[in-house]
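To keep things clear, I will list the structure first and then write my remarks on it.
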Protein chains: 2
Amino acid sequence: MKSKITLKELSKLLNVSVSTVSKALHDSPEISPKTAERVKELAKLHNYRPNPVAVNLKKSKTGTIGVVIPNISNSFFARVLSGIEAQAQQHDQQIITYISNESLDREKQICDLLTSGMVDGVLIAVSEETQKKAEYEHLFALLDYDIPVVVYDRINLNLPADKVGVDDEKSFYDATRFFRAKGLERIGIASAIHHVGIGKLRISGYQKAMDELPVFTARSSSEGTLKSKIEKLLITEKVEALLCTDFESAIITTRVAYEQNIKIPEDLKIIGYINKDIAEYLTPSLSYIEQHPSELGVKAVEVLNQRISGDISAGKFEEKIIATTMVHLESSKF
Amino acid sequence: MKSKITLKELSKLLNVSVSTVSKALHDSPEISPKTAERVKELAKLHNYRPNPVAVNLKKSKTGTIGVVIPNISNSFFARVLSGIEAQAQQHDQQIITYISNESLDREKQICDLLTSGMVDGVLIAVSEETQKKAEYEHLFALLDYDIPVVVYDRINLNLPADKVGVDDEKSFYDATRFFRAKGLERIGIASAIHHVGIGKLRISGYQKAMDELPVFTARSSSEGTLKSKIEKLLITEKVEALLCTDFESAIITTRVAYEQNIKIPEDLKIIGYINKDIAEYLTPSLSYIEQHPSELGVKAVEVLNQRISGDISAGKFEEKIIATTMVHLESSKF
DNA sequence: CTGAAAGCGCTTACAG
DNA sequence: CTGAAAGCGCTTACAG
């Protein structure tokens, strides 16, 4: 089998022209059935595969999409990637993965690579640092190059691009309402990500659902660690339910409860943004917001491909929201 | 900025030939400083970027490596990918990610794609199904195409390729010895992966370290579930320490201990193959074998690149083993 | 020092 | 029905 055979070599063996071979292989009606068959037979015999690089050059496209992931160890993003890969495969697209590690610098480098034209389009969730510093020039540069870009998950930023995200605000609005419907009033929220878009939205959902009720918010600040704030909420304020916007705040909360001998869910109910595969194995298991990351990935690829093919007209931007699901495990049992 | 400018367009604007522009941009000594500067200036102005597809075609390489991952939701593989990405970036290589989802069929499809020449080399961890069925033809086909292949992590298979893995056997040999050194004799092992290579190696490490001592093994079989086997070990056999070869057996063990009111680590010590980010957050936290996945990824890319560049001679195969580390958390406290 | 030409491997409009 | 030619965007040996 060894090294790859080319069209030219095939054509030589068959004593026909390269064009004839190419057409035959593409089932062109121009070619006589007889030649077509001869060609295909030999191609099969030699296990001919068109050189994708050459095909791409000819077609001025790459069949490839670039995916920028802030942190692959976060299983949320791992599962998004899984959805992306599955959907890309449906479209015969390859995905090139870049990991920014939540770093603005790395993200800039990646965007620079991306502008060189290795990919037909880009799927990106911006890094935390990028959001904090609100530095988006490199993203605008990408857009300037006319590369189709879809922003996923972290969509709460001002960028003229298509977006596919999660309904962060509604999820915690609903979770808060859930507790209220059960008659609770002392409901708090803890967050280690209050400075980034998704954190803000989750907090805002909570606040809206609290209406006139007093809100209790724990976040790290100059006056103390997140842990001390959570302790205050649990011990001094005696909240009966706590929403956690992220893994860190959820884990700290369970620690504090453990240390203070606060029983979950008897004394304290918890619902948090925490990934399924961890939530289920904690003791007690932690109720969480399921974000359907894989579907988010699938949707992101769909939108990107609509953009690439021109189905979405320039100047208009799609914004898709994936609905979340509340999953009740032990920590929110009544 | 808009759509990309080409060498030809640049050359037209400058009234020089395409070759001159190309050489100038590559700092060829053939070109006069004056022209070189003119060219570079205009190139910069128009933000010229060579079309990577064309460059690749010309150079008959792709600058890309294919990575096949069995299951990205497993944070072990996510972290391997992270190492791969980081190292590839050092070499200006892109990585194309494929996820087999532990499916043999999908793995075959992927190998088929890979043979078409999209990548300069392949990093693969074979799927569980592939191992169970011991079907390796598609991998041999890859090798037949002369595509450099490095097998990572799941290296206990008979394939003439470079391998980078983890010292599974030694890790559990050492863990067993650790318990014995503490004076324990009733040491058991639980496994949900006794049928795959890494599972066998871990069990074998345990057995070797037990010498003449009686071994206690829990694995699912026709006579009962893994859980019932573990219950037997903990209740009837009263093992004092249990090694778990995988996440599932570790989690079942903690459940059983919880249900039976067996105190960890007082009544039962545990060391398991479980990922750091979960191990640390269980209550009690679970001692684990750190496999250094990121370094494994880095090493895999290094070996692959040596193979690609011909630094490893044909017919000889590299086999690198990354040393594991025992991390003692609460579950193995004495 | 500069440029014309060939070629990487393919596709396709055009001519015969 | 078949083939010669142009071209995708680049690099580089060769000629001038």
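Chain letters run A, B, ... following the sequence lines, proteins first, then strands; residues in each count from 1. What you see below is based on every heavy atom in this structure, not just the backbone, and it leaves out hydrogens, waters and symmetry mates.
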| Is a salt bridge present between Asp162(A) and Lys316(A), judged by a nitrogen-to-oxygen distance below 4.0 Å? | no

Are Glu128(A) and Ser103(A) side-chain neighbours, meaning at least one heavy-atom pair lies under 4.5 Å? no

_Under 3.5 Å, is there a donor on one side chain and an acceptor on the other for Gln93(B) and Asn305(B)?_
yes

Residues passing the salt bridge (Lys or Arg N to Asp or Glu O under 4.0 Å) test with Lys23(B), sequence neighbours excluded, are Glu30(B)

Taken to the nearest whole Å, CG/Asp27(A) to P/dC1(D) is 14 Å

Heavy-atom contacts, protein to nucleotides 4-9 of chain D, under 4.0 Å, summarised as B (base), S (sugar-phosphate only) or - (none) per nt, yield BB-BBB

Whole-Å distance, Leu10(B) CG to dG3(C) P, equals 14 Å

- Query: Mind checking the P distance from dC10(C) to dC1(D)? Whole angstroms is fine.
  - Reply: 25 Å

inquiry  = Do the side chains of Glu302(B) and Lys299(B) get close enough for a salt bridge, i.e. N-O under 4.0 angstrom?
reply    = yes

Note, DNA chain C 5' to 3' with Watson-Crick or G-U pairs under 3.5 Å encoded as ( ), [ ], | and . gives |||.||||||||.|||

* How about Ile95(B) and Leu81(B): do any of their side-chain heavy atoms sit closer than 4.5 Å? -> yes

Contact check, residues 28-41 of chain B vs DNA chain C, heavy-atom distance under 4.0 Å, returns Glu30(B), Ile31(B), Ser32(B), Pro33(B), Thr35(B)

Review point. Are Lys108(A) and Glu137(A) within salt-bridge range, i.e. N to O under 4.0 Å?
Key: no

In short, side chain to side chain donor-acceptor pair (under 3.5 Å) pairs touching residues 53-66 of chain B with sequence neighbours left out are Thr62(B)-Asp120(B)

Whole-Å distance, Asn56(B) CG to dC10(C) P, equals 15 Å

> Salt bridge between Arg106(B) and Glu85(A), side-chain N to carboxylate O under 4.0 Å?
Replying inline: yes

Side chain to side chain contact (heavy atoms under 4.5 Å, CB included) filter on Asn71(A), not counting sequence neighbours, yields Ser73(A), Asn74(A), Glu102(A)

Integer angstrom distance from the P of dG9(C) to that of dT2(D) = 25 Å

| query | For residues Tyr136(B) and Asn158(B), is any side-chain donor paired with an opposing acceptor at under 3.5 Å? | reply | no

